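Letters A, B, ... mirror the listed sequences (proteins, then strands); counts begin at 1. Since the structure is predicted, the reported quantities are computational estimates derived from the model, not experimental observations.
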Amino acid sequence: MNMPTFKRLIPVLLVGLAMGSCTEEKYTYGVNDVIVQPTDLSGKKSKTPEQYLNILYANLNQRAMSANQLVKATDVITSIGDKQVAYETVISKFMNDPDIILPSEESMRNDPESFVKETYQRFFVRVPTEAEKTWMINFINSNPDVTPEHVYYAFAIANEYYFY
Amino acid sequence: MKRRDFIKKTALATGAITVPYILPTGRLFAQTGSQKAEHVVFVLFAGGVRHQESILQRYLAESQDLDIEGNIMYNMLTGDAPELKVVYGTTPAGQQPGIQPISRILQTPLDQQGTLFPEVRFSKAGTGHFVGLSTGVSGHYGVTQGLRQRPINPTIFEYLRRFGGAKATDVWFVGNGIGNSTPLLNHSEHPDFGYKYAANFFAPNITFGSKGVEFLKGFKVYHPDEELVPIREMQAFLNNSFNLAGKEIPHLYNTDEEKADIKDFIRATFERLENNQVSFPPVTDNGDLSTIGYTTEILRWFKPKLTVVNMSSVDSCHGSYTSYLKSLHRGDHAVGHLWNFIQTQVPEMKDNTIMIIMPEHGRNYEPNPITDENDWFAFDHDSDPNSRRIFTQMVGPNVPANLRVGSEANPVGDAADTVLTIADILGIKQDVLATGLVDFNAMSLFDRI
């Protein structure tokens, strides 16, 4: 090809390149099937009595239990065969402690959503699902006699609290 | 109406219209046809009891080279007490330690009221406490049984709940403490039995001792309708969200009513303690005696079909023979008090209870080098032939009175026999035998008479 012929083809080539660079690619997105469970708990381990009592005390009193108290409380749990009975009894004894720090009923009633979120975070170390949040808020709103103590007690004796 | 009365009356009312139910074995109703008694109390007279100071009544004669014999267990055995070197009693002010023997409780010793097997053998495995206790409650020598491990084969509690239809509060194991894996004896790790059929357990010296006072006494009681109903509703919702099989707080399949009853019992026992109403033995100066005192409270409240209570103070014999004698004497006092309590304070169990008493194992014939304040030698238990010599005593309805079965030349009975004996009394012997999980030489002691 001689030089004049090449020069004549240059505009044609430039137009072709310009048109090619404007071609728009189209993407299609899909969603994989996922089995939805309330919470992924498959790796959970049970707490030892020491862990359970230590965390419970910290959750309720917002300070650590002394080592001496922890040993004694653990012995008491060990001395009762049915651990559900043992834990429920010890927790209800804790609830009689004047040093326990509970949210006020007013704050729970004024902002149940925050209360529910904070309670899940405090006891289960996670955020509630929408369904859990809705159910708990409805329950609190429809049961005017329920107090923060009742809610805390229910969370403390729930199976999920026994696992981490 | 009190909550407990309400539960009782409700149970009576519903009992009238109850429908037949199928036990886990597939049987309709529990077997009840051949019961010898409706209640059994099994005293694990444990800690390692030397045959010479118990059955043989040799006191200091076959241990310390002193020619002084006598019976320091006169509630259980017939025989005169020692007259010299009395150290096993209480100590009146200003007098020699242990000089005052504890008064007898039973006018007729148990060996005259019932049957004594004076030469029973702990025939297999090492003579260790936990293996011995495990054998006593499971009828199986756990030769490989380790501490911190539940019995390998099912316990009598599990047999009774599974085959006899007993509910959880019908079966109790009362421990003298929480050491030596004692709390693990209320059920086995056998896959076909286990915690679903376990006995309820208390180590009452802790539950109701200073630790219990700090962490249990005065626990809050929620109103059963106004407070507990919404709490349980929230708990159920939270548990439903946490729906992984087997992921639950360990429990013994007490019903909600039984759990409430146990809590009521805990609260009532603290109140009775405060008012000095707990039926402790007349002399209560060691852990075994207070354990027996709390056991009487369990009998009074629950009237269990089966109660197993564990004692252990005689194990001080490792370091003090004098302390051992005191504990042996107090063990006898405890047993006398327990039997007297059943016959006089629990009408539902009077004349309807068979009590079985058996040490878990014996002690060595030769002493160790340790001497005590009286320069008397101490004794261990490390599987010598003497530490395999034990006894078993039975008393109650359908038990022949004033009968001795066996002798040193002709030993009769085995430590593994107790489970089948209890099963025989409560009408489930064939079911237990059919499992093939008790020692192959074990028999009901009634079949050995």
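- With sequence neighbours excluded, the residues that form a side-chain hydrogen bond (donor to acceptor under 3.5 Å, both in side chains) with B:Ser188 are B:Glu158.
- Only the side chain of A:Val146 comes within less than 4.5 Å of a heavy atom in chain B; its backbone stays farther off.
- Minimum heavy-atom separation, A:Ala154 to B:Ile231: CB-O, 3.8 Å.
- The closest donor-acceptor contact from the side chain of B:Gln235 to the backbone of A:Ile157 lies under 3.5 Å.
- If you measure heavy-atom distances from B:Val213 to chain A, the contacts under 4.5 Å come from the backbone alone.
- Using a 4.5 Å cut-off between heavy atoms, B:Pro183 touches chain A through its side chain atoms alone.
- At least one donor-acceptor pair under 3.5 Å links the side chain of A:Asn96 to the backbone N or O of B:Gly218.
- If you measure heavy-atom distances from B:Glu233 to chain A, the contacts under 4.5 Å come from both the backbone and the side chain.
- Annotation: the span from B:Glu248 atom CD to A:Phe163 atom CZ amounts to 7.5 Å, rounded to 0.5 Å.
- With a threshold of 4.5 angstrom between heavy atoms, A:Phe155 approaches chain B through its backbone and through its side chain.
- For B:Phe173, no part lies near chain A; criterion is any non-hydrogen pair under 4.5 Å.
- Along residues 198-210 of chain B, the residues that come nearer than 4.5 angstrom to chain A, judged on non-hydrogen atoms, are B:Asn200, B:Phe201, B:Phe202, B:Ala203, B:Ile206, B:Thr207 in order of number.
- Using a 4.5 Å cut-off between heavy atoms, A:Tyr120 contacts chain B through its side chain alone, with no backbone atom that close.
- Proximity to chain B involves both the backbone and the side chain of A:Thr89, based on heavy atoms less than 4.5 angstrom apart.
- For A:Val71, no part lies near chain B; criterion is any non-hydrogen pair under 4.5 Å.
- A:His150 and B:Tyr222 make their closest contact through CD2-CE2, 4.2 Å (heavy atoms, listed as atom of the first residue, atom of the second, distance).
- Interface with chain B: from residues 134-145 of chain A, residues A:Trp135, A:Met136, A:Phe139 qualify, criterion being any non-hydrogen pair under 4.5 Å.
- Listed by chain and number, the residues in a side chain to side chain contact (heavy atoms under 4.5 Å, CB included) with A:Lys93 are B:Phe219 (sequence neighbours excluded).
- Each of B:Glu214, B:Lys220, B:Lys211 has some count of heavy-atom pairs under 4.5 Å with chain A, and the biggest count is that of B:Lys220.
- Separation of atoms OG1 (A:Thr74) and CD1 (B:Ile178) is listed at 9.0 Å; rounding is to 0.5 Å.
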Pair A:Asn159-B:Leu238, side-chain contact (heavy atoms from CB on, under 4.5 Å): steps then yes or no: CA-CA 8 Å; A:Asn159 288 331; B:Leu238 296 171; over 6 Å; no
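- In this structure, the portions of B:Leu216 lying under 4.5 Å from any heavy atom of chain A include both its backbone and its side chain.
- Listed options B:Asn254, B:Thr182, B:Ile262 were ranked by heavy-atom pairs under 4.5 angstrom with chain A; first place goes to B:Asn254.
- Contact between A:Gln69 and B:Phe215 at its shortest, heavy atoms only, is O-CZ, 3.4 Å.
- A:Asp82 and B:Tyr253 get closest at one heavy-atom pair: OD2-N, 4.4 Å.
- Heavy-atom pairs under 4.5 Å with chain B peak, among A:Ala158, A:Ala86, A:Ala73, at A:Ala73.
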Worked verdict on A:Glu88 versus B:Lys259 for salt bridge (charged side-chain N to carboxylate O under 4.0 Å, His left out): CA-CA 10 Å; A:Glu88 287 180 14; B:Lys259 285 178 192 168; 5.4 Å; no
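- A distance of 9.0 Å separates CZ of B:Arg267 from OG of A:Ser92, quoted to the nearest 0.5 Å.
- Residue A:Ala131 comes nearest to B:Phe237 through the heavy atom pair O-CZ, 4.4 Å, listed as atom of the first residue, atom of the second, then distance.
- Annotation: the span from A:Tyr161 atom OH to B:Ile249 atom CD1 amounts to 10.0 Å, rounded to 0.5 Å.
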